[in-house]
Amino acid sequence: MSKKFKIFTYGCQMNRYDTETITGYLEAEGYEETESNESADLILLNTCSIRDKAEQKVYSQIGRLDKLKKTNPALKVGVCGCFATRDGEAIAKRGKAVDLVFGTQNIAKLPMLLEEMEERRVVDTEPIAPDFTELAPMVRGGGLNAFVSIARGCDNFCTFCVVPYTRGPEWSKPSELIVDEVERAVEEGFREVTLLGQNVNSYGRKSPGELTFGGLMRRLNDVNGLERIRFMTSHPKDCDEDMVDAMGESPKVCEHLHLPVQSGADAVLARMERGYTAEEYLEKVSLFRERVKDGVLTSDVIIGFPGERDEDFERTLRVLREARYDNIYMFKYSPRPGTPAFDMEDTLPEEVLTERFEEASRVQREMTESLHAELVGGVQEVMVEGAVKPRSAPAGCAGCPDFADESDSNWFAGRSRGNHRVQLYAEGFTPEPGDVVEVKIMRGGIHSLAGVSPPSAVVMEEGE
Ligand code: 5AD
Ligand code: SF4
């Protein structure tokens, strides 16, 4: 009987991609995925280290697995991902249940490590150079969107960030291999890809003769059967005209740019070593607005970096208003051991962090509301993901039909090109997952838009 495994994934999309690769390796070794902890022979925690909270979650989960191991001594427990890379020895010492620790940069060694684990406890976080001669085995998650990593690691060393230490230096995957991977995903039925990298804009810069990121988008725009291309994350200092123009000119590249600003104050940006000023950042935003029609912009913001003064915070609020973000991910600064910012003075008390966090959330909420209200009356192209259950009809959608009764199945959900979640009422037709339909927007809520699709609204049917 084949062995069963279960993986818990924490943190970012890159971790989800790694989980899909690890799943590929495990299935190639004859393991089978299971939903339940009790039936698993191997449980892996794919961890995140970006903020302290993420690490604490892992320790509580290891504690629970310690207990499970008492009832099932044959169970093997593994820890991988960023936290494992950063602190593998400490995790192994603290978590008695842990049999295997491996890093983000040696996943390809997994078949060998699994064998070793049968004999003894294994902690191996030693990076190996990526093998870019062939595609790693992968078992992708469901849905319409396939993650495709285009580069591994990061060379930027922003002073608050652990990623360069946990994921190592930047390596770009050769573009032919990326094209192969995207084509394979399309053959498997995916309609959309999200290109992943810590800094997609510096793609190829260290590989002589390689395409630029703009060139890569143009190349992928030619892949038959692919409907949409998304990407993240962009670094403002490397976001250039080539990339913005490629976005504007490639019909399959969605008009959504995630461009983390982190702070709106030059003094803070300098201490973060981000490599741009607020003014330079806003110039990139203007370039995007100019070249990409109906562009949707999102961002990451860190609140309360050491030494952030009231006036620095005010400057961040100013950028939120000027950049007109559709949405932002906002984080309270979390000191990470081993990073330069960890030793910086003038850390701020929790009350100040909370106060500023709430104020920035308020400002952003108003911005999101006003931008989404502007979309009402317009048309969005939506890729349908599936039906939404009756009774979850959008509240306050003036002009949207109500659910007639519980069997009314004409409400569907999907994503706009700008990555808005959209609920739509299909008038007299039944779209399939993967269909692209036009939706007349009738409500612009803070978390989602809602509207109606007439039968003539089908732009592209799945399989075309
Ligand atoms: N504290 C708070 N937020 C952080 N991020 C990265 N490191 C930290 C930290 N130490 C945020 C940044 C980054 C996002 C992925 O996580 O905003 O863009
Ligand atoms: Fe971290 Fe900066 Fe690299 Fe992003 S660019 S992963 S924030 S070091």
Side-chain angles (χ1 to χ4, degrees), residues 10-18 47-57 81-83 85-87 104-105 149-172 194 196-203 205-206 213 231-239 257-265 268-276 281 284 297-308 313 316 319-320 323 325 327-344 347-348 350 352-354 356-357 360-361 364:
Y10 302 87
C12 64
Q13 291 173 335
M14 195 60 92
N15 260 18
R16 280 169 60 191
Y17 181 83
D18 285 348
T47 62
C48 172
S49 197
I50 198 100
R51 284 169 290 276
D52 185 54
K53 247 193 213 153
E55 293 189 350
Q56 293 318 316
K57 265 193 212 157
C82 283
F83 187 21
T85 314
R86 201 175 75 73
D87 230 354
T104 54
Q105 300 166 71
S149 141
I150 63 166
R152 145 178 152 176
C154 181
D155 291 338
N156 286 313
F157 290 94
C158 302
T159 56
F160 52 80
C161 185
V162 287
V163 169
Y165 309 94
T166 61
R167 291 194 173 268
E170 182 179 294
W171 300 76
S172 294
T194 301
L196 298 180
Q198 305 301 334
N199 177 8
V200 290
N201 307 115
S202 58
Y203 175 80
R205 290 202 186 153
K206 282 161 73 179
F213 182 58
F231 58 90
M232 69 185 346
T233 292
S234 295
H235 194 303
K237 82 176 162 53
D238 297 313
C239 170
L257 179 62
H258 184 64
L259 195 66
V261 68
Q262 312 298 1
S263 168
V268 176
L269 289 168
R271 283 203 302 284
M272 288 176 165
E273 293 188 22
R274 288 289 288 175
Y276 53 85
Y281 178 89
K284 308 269 170 150
L297 190 69
T298 55
S299 193
D300 292 344
V301 173
I302 296 180
I303 301 289
F305 188 75
E308 184 189 76
F313 175 63
T316 298
V319 169
L320 297 190
Y325 296 121
N327 231 320
I328 56 173
Y329 294 97
M330 207 163 49
F331 309 101
K332 288 181 184 169
Y333 169 67
S334 169
R336 306 284 56 225
T339 61
F342 188 76
D343 300 317
M344 285 183 189
T347 50
L348 298 169
E350 183 60 29
V352 175
L353 260 64
T354 303
R356 289 184 184 168
F357 190 93
S361 307
Q364 182 53 45

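Note that the numbering runs from 1 along the sequence shown for the chain. Remember, it's 1-based here, ligands and their atoms both numbered in the order they're listed.
- A distance-only check finds no donor-acceptor pair linking the side chain of Asn327 to the backbone of Thr298 [under 3.5 Å].
- Using a 4.0 Å cut-off to heavy atoms of Gln262, the atoms of ligand 1 that qualify are 12 (C), 13 (C), 17 (O), 18 (O).
- Ionic pairing of Arg86 and Glu55 is present here: one or more N-O contacts between side-chain nitrogen and carboxylate oxygen are shorter than 4.0 angstrom.
- Counting only N and O atoms by type, the side chains of Gln13 and Thr194 include no donor and acceptor under 3.5 Å apart.
- Between Ser334 and ligand 1, a contact under 3.5 Å exists for at least one N or O pair.
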**Message:** Please determine whether side-chain contact (heavy atoms from CB on, under 4.5 Å) holds for the pair Asp155 and Gln198, giving the CA-CA distance in whole Å, both sets of side-chain angles, and the decisive distance to 0.1 Å.
**Reply:** CA-CA 9 Å; Asp155 291 338; Gln198 305 301 334; over 6 Å; no
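- The distance from the OH atom of Tyr325 to the CG atom of Leu297 is 6.0 Å, given to the nearest 0.5 Å.
- Every atom of ligand 2 is numbered from 1 in the order shown, and the set under 4.0 Å from a heavy atom of Arg274 is 2 (Fe), 7 (S).
- Of the protein's non-hydrogen atoms, Phe160 CD1, 3.3 Å is the one closest to atom 7 (N) of ligand 1.
- Heavy-atom proximity to His235, at under 4.0 Å, picks out these atoms of ligand 2: 5 (S).
- The distance between the ring centers of Phe83 and Tyr10 does not fall below 6.0 angstrom.
- Taking 2.8 Å as the criterion, Cys154 does not count as a coordinating residue of atom 1 (Fe) of ligand 2, since none of its N, O or S atoms falls below it.
- The nearest heavy-atom contact from the protein to atom 1 (Fe) of ligand 2 is Cys161 SG, 2.3 Å.
- Under 4.0 angstrom from ligand 2, the non-hydrogen atoms of Phe157 all belong to its backbone.
- Atoms of ligand 1 found under 4.0 Å from any heavy atom of Ile50 (numbered from 1 in listed order, with element): 5 (N), 6 (C), 7 (N), 8 (C), 9 (C), 10 (N), 16 (O).
- Atoms of ligand 2 lying under 4.0 Å from any heavy atom of Gln198, numbered from 1 in the order shown and given with element: 6 (S).
- Protein heavy atom in closest approach to atom 8 (S) of ligand 2: Cys158 N, 3.4 Å.
- Thr85 places a side-chain N or O within donor-acceptor distance of the main-chain N or O of Thr104, the cut-off being under 3.5 Å.
- Both the sub-6.0 Å distance and the 45° axial angle are satisfied by Arg51 relative to the ring of Phe331.
- Here Phe331 has side-chain heavy atoms under 4.0 Å from ligand 1, and that is the only part of it that gets that close.
- Atom numbering of ligand 2 starts at 1 in the shown order; those under 4.0 Å from a heavy atom of Pro164 are 8 (S).
- Listed for the Lys332 side chain is no donor-acceptor partner under 3.5 Å among the backbone atoms of Leu353.
- Closest to atom 15 (C) of ligand 1, if we only count protein heavy atoms, is Asp300 OD2, 3.8 Å.
- For Lys332, every heavy-atom contact with ligand 1 shorter than 4.0 Å involves the backbone, none the side chain.
- Contact atoms of ligand 2 toward Phe160: 7 (S) (distance under 4.0 Å to a heavy atom of the residue).
- Taking any N or O of Arg51, backbone or side chain, at least one lies under 3.5 Å from an N or O belonging to ligand 1.
- Using modelled atom types, one finds no donor on one side chain facing an acceptor on the other under 3.5 Å when comparing Lys57 with Thr47.
- Between Ile302 and ligand 1, a contact under 3.5 Å exists for no N or O pair.
- The main-chain N or O of Thr166 is found under 3.5 Å from a side-chain atom of Gln105 such that the two form a donor-acceptor pair.
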